[in-house]
Every structure is written in C-alpha cells, then in structure tokens.
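Order of listing sets the numbers, starting from 1, for every ligand and every atom in it. Quick caveat, the model's predicted, so the values are computed rather than measured.
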Amino acid sequence: MRSLDGVVLGGPNSGKTHYAGQLYGRLRRRPGALSLRRDAGTPPDLSALEEVFRCLENGRAADHTSSAMWADVALPLVSRGGVAVDLRWPDYGGEQLKAITEHRAVASRWRDRLAAAEGWALLVRLQGEVTYPDAVAELTRSPIERQVAAARAGSWDANARLVEMLQLLLHVSEFGVTQPLSRPRLAVLLTCYDELAPSNLTPRAVLSERLPLLMSFIAANWMPDAVSVWGLSSLGRPLTLDSEDEQFIEDGPERQGWVLPPEGGPRSEDLTLPLAWLLGLE
Ligand SMILES: Nc1nc2c(ncn2[C@@H]2O[C@H](COP(=O)(O)OP(=O)(O)OP(=O)(O)O)[C@@H](O)[C@H]2O)c(=O)[nH]1
Ligand SMILES: [Mg+2]
C-alpha cells in the first residue's frame, strides 16, 4: 500500500472546499476512476467533508474556511485498475497561501507537505483573476487616468502573482528547475468553469489565452506529461449560503458538477479524474 500526499494550492475563494466536498460525494455515492476502499479497517474520519456535503444536500453553499484552519482528510482510495493508495488531502483557509506569497515566508508544515507531495493541484478561478495587459499603454495617458492605473496596480497581475508563488514554493521545497520537473505532477484546475463563456477551446488553450505568462512558466518548467490543465465545475452552477437549489436537493450533489478533460471533448461527471491523474492512477 502506498501512502501519498496531495497538495491543493488555491487562494481564498478558489474552490478548494467545494471540490473536496464534491469529491467526497462522488467517492461515497458515485465512484468513477477512484473509489473509497471498503477494506480499510477503521473508517476514516471524514466529518469535515461530510459537513460540506450536508450543506450541498440542502441546496446551499458551504462557508468560507477560516484563515487559520488546516484540516487533513485521509482517504483510503482504490483505482479502477485495483491500485490501492491512502491519500492525505488538505483543506485550509486560502488566506494562508496568499500570505505566503505576500510575506515570502513559508512555514515548515507547508514546506514539508510540498516537498513530500506526489502532486500539486493548482486551483485557479479565472473569473476572479485580474490582469493588466494595458498597464504600459496607460502610462502615456492623462494624470487622472494614470492615478486610476496606479490604484489598480495596487494589486498584482495574476500572471505575476501565480508565477511568483510557484517559484517560491518550488524553491522552498527544493525542487530545482534546472531540468524540467517530472515530480511533483501539476494539475491546474480551472475552477468554477461554468462561470466562463462557453467555448470549444481546451482548458489549456483557455489558460494560455487568459494567463499566458503563467502557462508559459509551467510549460517551461514541467515535463509535458507531468502537467495537465482541466476545466472544473464542482457545482455546475452558483449556490449561495442561503440558496435552496432544487436540483441539489432532489437529485443529490453527486449528480451535479463536471470536469472538462485536458484534451477537451465532452464533459465528464467523474470529478475524481483530475485526482486519479495527479496520483498517476489513471
Ligand atoms: N459557479 C460556481 N461556483 C462555485 C463552484 N465551486 C465553488 N463555487 C463558489 O465559489 C466560492 C468559493 O468556493 P470555496 O470552495 O469555498 O473556496 P475556497 O478555496 O475553499 O475558499 P477559502 O475557504 O476562502 O480558502 C463559494 O461561494 C462557492 O459557492 C462551481 O463549480 N461553480
Ligand atoms: Mg474553503
């Protein structure tokens, strides 16, 4: 039996908790590429995920995770091909990751997990990411327009922020980038994909279009078969803290949500696919 660590990298509001909750529902009620192992002895404590799933069963979203929180769940998994692994999967307040990039300081807990991980899942919610492709052009404009540009530049361009974050995390976890990386595997999950205008592009092409510098950094530093980019809609649609969405209530959360695989093509309702790929169990 192999014990594997996965790491989720996602700032506040990037979709970590809802993906974890929906994974739980799939593993429990509608297994796909991965399912929960029944022979695992003591049933694992999945109460953190159960709570998220319970909110979804009532047709509403789960709460934002408090910034100091870090909770690991241990998932006893088996792949369709019969390979058994114990996966340690974290959920945490996204502010922690934001603080790492802002203060350029990485706690040892983070460092150890990053270094030991089989794969990193980078969660990017494109809808919430700001870029300033026109920042240079704006410097030639009037003083008032320039003030507006300066105020906007108070927050980082998402390309720069995410590249900086990956560089920092690779550095502290001692993954050198003199050679393209084959470990950790990197799955980029473009979350809340239902928020984007429908298109026939592959998720990778969408990422290249929206965050070109991030995509080139990844392509330059990982082996091609160690990276994959997915469209992920854990919920399939927006929920709020007080919604009572009928489809979630009647059909169950396990019938909602989908992924768009890296090669494009039809959506799959198997939300375990990116995880199976990340762990090399596809
Ligand atoms: N439209 C849409 N909204 C989603 C989806 N998944 C999550 N959301 C919403 O996105 C928001 C953030 O999702 P969370 O899973 O709570 O994000 P998080 O990364 O855990 O955020 P923190 O706990 O703050 O670190 C919530 O309001 C969710 O309702 C999705 O697939 N589609
Ligand atoms: Mg959360």
| task | Look at atom 21 (O) of ligand 1 and say which protein heavy atom is nearest, naming residue and atom and giving the distance to 0.1 Å. | result | N13 N, 2.9 Å

| request: Indicate, with yes or no, if L34 and V78 share a hydrophobic cluster defined by side-chain heavy-atom contacts under 4.5 Å among Ile, Leu, Val, Met, Phe, Trp and Tyr. | output: no

| Contact (N/O only, under 3.5 Å) between E95 and ligand 1 | no

| Which option, G236, C192, S234, owns the non-hydrogen atom nearest atom 3 (N) of ligand 1? | C192

| ligand 1 atoms in contact with S14 (distance to a heavy atom under 4.0 Å) | 17 (O), 18 (P), 19 (O)

| message | For ligand 1, which is the ligand I care about here, please tell me if G93 has any N or O atom under 3.5 Å from one of the ligand's N or O atoms. | response | no

| Donor on one side chain, acceptor on other, Q247 and R255, under 3.5 Å | no

| request: Answer with side chain, backbone, both or neither: which part of Y92 has a heavy atom less than 4.0 angstrom from an atom of ligand 1? | output: backbone

| request: For ligand 1, find out whether one of its N or O atoms is nearer than 3.5 Å to an N or O atom of G94. | output: yes

| Whether F53 and Y24 hold their rings parallel, tilted or perpendicular, with breakpoints at 30° and 60° | perpendicular

| request: Examine all N, O or S atoms of Y92, backbone included, and report whether one is under 2.8 Å from the Mg ion (ligand 2). | output: no

| Does some non-hydrogen atom of the protein lie less than 4.0 angstrom from atom 27 (O) of ligand 1? | no

| message | Taking R29 first and then E57, would you say they form a salt bridge - that is, a charged N and a carboxylate O separated by under 4.0 Å? | response | yes

| said: So does D270 get a backbone contact from the side chain of S268, meaning a donor-acceptor N/O pair under 3.5 Å? | reply: yes

| request: Consider every N or O of H64 and every N or O of ligand 1, then say whether any pair is closer than 3.5 Å. | output: yes

| Which ligand 1 atoms, with their elements, are less than 4.0 angstrom from a heavy-atom of R237? | 1 (N), 2 (C), 32 (N)

| query | Is D194 close to ligand 1, meaning an N/O of one under 3.5 Å from an N/O of the other? | reply | yes

| said: One residue to check: L239. Relative to ligand 1, which of side chain, backbone, both or neither has a non-hydrogen atom less than 4.0 Å away? | reply: backbone

| said: Considering both backbone and side-chain atoms of A61, is one of its nitrogen or oxygen atoms within less than 3.5 Å of a nitrogen or oxygen in ligand 1? | reply: no

| Can you check whether G32's main-chain N or O pairs, donor with acceptor, with R26's side chain at less than 3.5 Å? | no

| Do ligand 1 and T65 have nitrogen or oxygen atoms that lie under 3.5 Å from each other? | yes

